[in-house]
Number of protein chains: 2
Amino acid sequence: MIKAAEKGNDRSVTQTVRAQLALRDLVLRGELNPGERVSELQMVERLGVSRTPVRMALVRLEEEGLLEAIPSGGFSVKTFSEKEVFEAIEIRGTLEGLAARLAAERGVSRTDLRNAADCLEAMDEVVRRDKAEIDLLRYVELNARFHDILIGMADSQALARQLERVSALPFASPSALVPVQSRSPEMNHILTIAQDQHHCVLAAIERREGARAEAIMREHARIAHRNLERALTNQRDMDLVPGSVLIKRRIRA
Amino acid sequence: MIKAAEKGNDRSVTQTVRAQLALRDLVLRGELNPGERVSELQMVERLGVSRTPVRMALVRLEEEGLLEAIPSGGFSVKTFSEKEVFEAIEIRGTLEGLAARLAAERGVSRTDLRNAADCLEAMDEVVRRDKAEIDLLRYVELNARFHDILIGMADSQALARQLERVSALPFASPSALVPVQSRSPEMNHILTIAQDQHHCVLAAIERREGARAEAIMREHARIAHRNLERALTNQRDMDLVPGSVLIKRRIRA
DNA sequence: ATGCAGCTTGGTGTATACACAAAAGAAAAG
DNA sequence: CTTTTCTTTTGTGTATACACCAAGCTGCAT
């Protein structure tokens, strides 16, 4: 008699975690107005858990950067300017560059190289197809995996933690802005370039060319800058970006 | 009738904050054995506040990186290997480098430049004196201030947040390892070099030489690497570093 | 009509009680 | 003497009650 699935209570999955996930979802979907105070009691009745786990979730989401502490107490939904998003992407690029350099300088195991190469091969397969046929969802998934493998290659817990934190801003994560390309006529062009950078950085790491690996990853992140600019001028594109509701839109006449 | 100071209750300073500060102190002073579980109830009687604020403090210190979540629940005092400390310093250097580059590329206000220059002048004064006379405490304070000004110049909330986080590891903060030099015969030598880097990076920012500013800050952080190595071979030096009890010592015969 | 005072209503900070899981210790069997 | 199992204890996850602060509103006086 396994009661695990009963009422969705998985044991081991605490109320706090459930509240955290649900709250993050609410924030990212824009169901909580940006800048507005998040009332604990409202969340209690909305999430169906008591105040304690709600409270814990709020604290964790603040540390995550999605909420902001109000001086007089409580939390509000954070908003991001275009500049902040740009900077978050630049930070990610810088840290991924550091990861790539460390991996290159220290050398990586054959297993890691193999995994990365396999991942790239699968991505090649996706990109190689005709434009209309590209399975973007699969590309995004593989892309995220490649970036994860890369971070793993650096073998640095501290660095992984920092990267995890900057990628918590959903629009700053490695593949957040990829879907924006799907509406672009040059999607194939951009994907080709990004994929080439993937290959190049792996080659650089394999040859222990640290400086090169770092430079490539930095530039690689800047593709997201371009996509961001495109999305900021076009609401339809923007809708494809998770958490985009938190970004203060440019004023447009 | 102001009751503020009564019983040390400052109002505005919540129990949670008090618990957080007290707990951090306990961890950093090594009064909680590294790796050991931190019992909430023990902390309750040790800190004199109830479980709720203790709990909040534990969560915050985990996010800060000083504690580690135990899978089965609760938290333990985190320990750091030499490698991790090294990497934390490298991350700080990288992010400070990014800050310097952004500041240089974007340009900074005259006020900021003036503040930084004033700070440097004060440090020059300290360093200029004869070795035995150097007021290291004042140098450390000014050094921290200079680094803060520099981060401020980048004018990036996101970057400041990330740097705050990596500097939360007390031994990774800009001036954590400075005191180690005090026992070194070459203290004046190292201080001179570090101070020259300060001057150079400010000049580079002023001239908008982004790449140079970045490179200098990266190398600047690596002075801490040297100090770390020195401290790791010498317990007396190690005792000068805050939070050093969390660092797993090298095995020595 | 307007300004001020007091009240009323959310709202968070804190303490504590209860329930369940995990680890430690004791007792019994091999 | 060792091993296994059961009991006990410790510890955290969760819910909830209470206290205090802050802000908004209403009503009265000017």
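Reminder, nothing fancy here: chain letters follow the sequence lines and each chain counts from 1.
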Scan T16(B) against the nucleic acid and name what it touches under 4.0 Å (heavy atoms): base, sugar-phosphate only, or nothing.
sugar-phosphate

Can you tell me the distance, in whole Å, between the CZ atom of R18(B) and the C1' atom of dT14(C)?
12 Å

Of the listed nucleotides (dA22(C), dG11(D), dA15(D)), which one gets closest to any side-chain atom of Q42(B)?
dG11(D)

What is the distance, rounded to the nearest whole Å, between atom CD1 of I70(A) and atom P of dT12(C)?
8 Å

Rounded to whole angstrom units, what separation is found between the CD atom of E40(B) and the C1' atom of dA17(C)?
15 Å

Between C1' on dT16(C) and CD on Q15(B), what's the gap in Å once rounded to a whole number?
15 Å

Measure from the side chain of L41(A), starting at C-beta and using heavy atoms only, and say which of dT12(D), dA15(C), dT12(C) lies closest.
dT12(C)

In whole angstroms, the gap separating P of dT16(D) from CD of E45(A) amounts to 14 Å

What's V38(B) touching, base or sugar-phosphate or nothing? Going by heavy atoms closer than 4.0 Å.
sugar-phosphate

Between dT14(D), dT14(C), dT12(C), which nucleotide gets closest to the side-chain atoms of S39(A)?
dT12(C)

Using distance alone, with no hydrogens and no angle criterion, decide if H147(B) and E96(B) have a side-chain donor and acceptor under 3.5 Å apart.
yes

Using the ring pair (Phe, Tyr, Trp, His ring centres under 6.0 Å) criterion, which residues pair with F75(A)? Sequence neighbours excluded.
none

Just by distance, with hydrogens left out, do Q162(A) and R165(A) show a side-chain donor and acceptor under 3.5 Å apart?
no

If you take atom types as modelled and just measure distance, does the side chain of T52(B) reach the base of dA15(C) with a donor-acceptor pair under 3.5 Å?
yes

Rounded to whole Å, please give me the gap between CE in M56(A) and P in dT12(D).
11 Å

Per nearest nucleotide of DNA chain D, the residue lying toward the 5' end, P53(A) or F75(B), is F75(B)

Do the charged groups of K78(B) and E62(B) touch, with an N to O distance under 4.0 Å?
no

Can you measure Q20(A) atom CD to dT14(D) atom P for me and round it to whole angstrom units?
12 Å

Could you tabulate the donor-acceptor pairs under 3.5 Å formed by side-chain atoms of residues 149-157 of chain B, not counting sequence neighbours?
residue	atom	partner	partner atom	Å
S156(B)	OG	E87(A)	OE1	2.8
S156(B)	OG	L159(B)	N	3.1

I want to verify a distance call: between dT14(C), dA22(C), dT12(C), whose nearest atom is closest to the S50(B) side chain?
dT14(C)

Just to be sure I understand the rule, does R37(A) reach a base, reach only the sugar-phosphate, or reach nothing, if contact means heavy atoms closer than 4.0 Å?
sugar-phosphate

Expressed in angstrom and rounded to an integer, what is the separation of R51(B) atom CZ from dC18(D) atom P?
20 Å

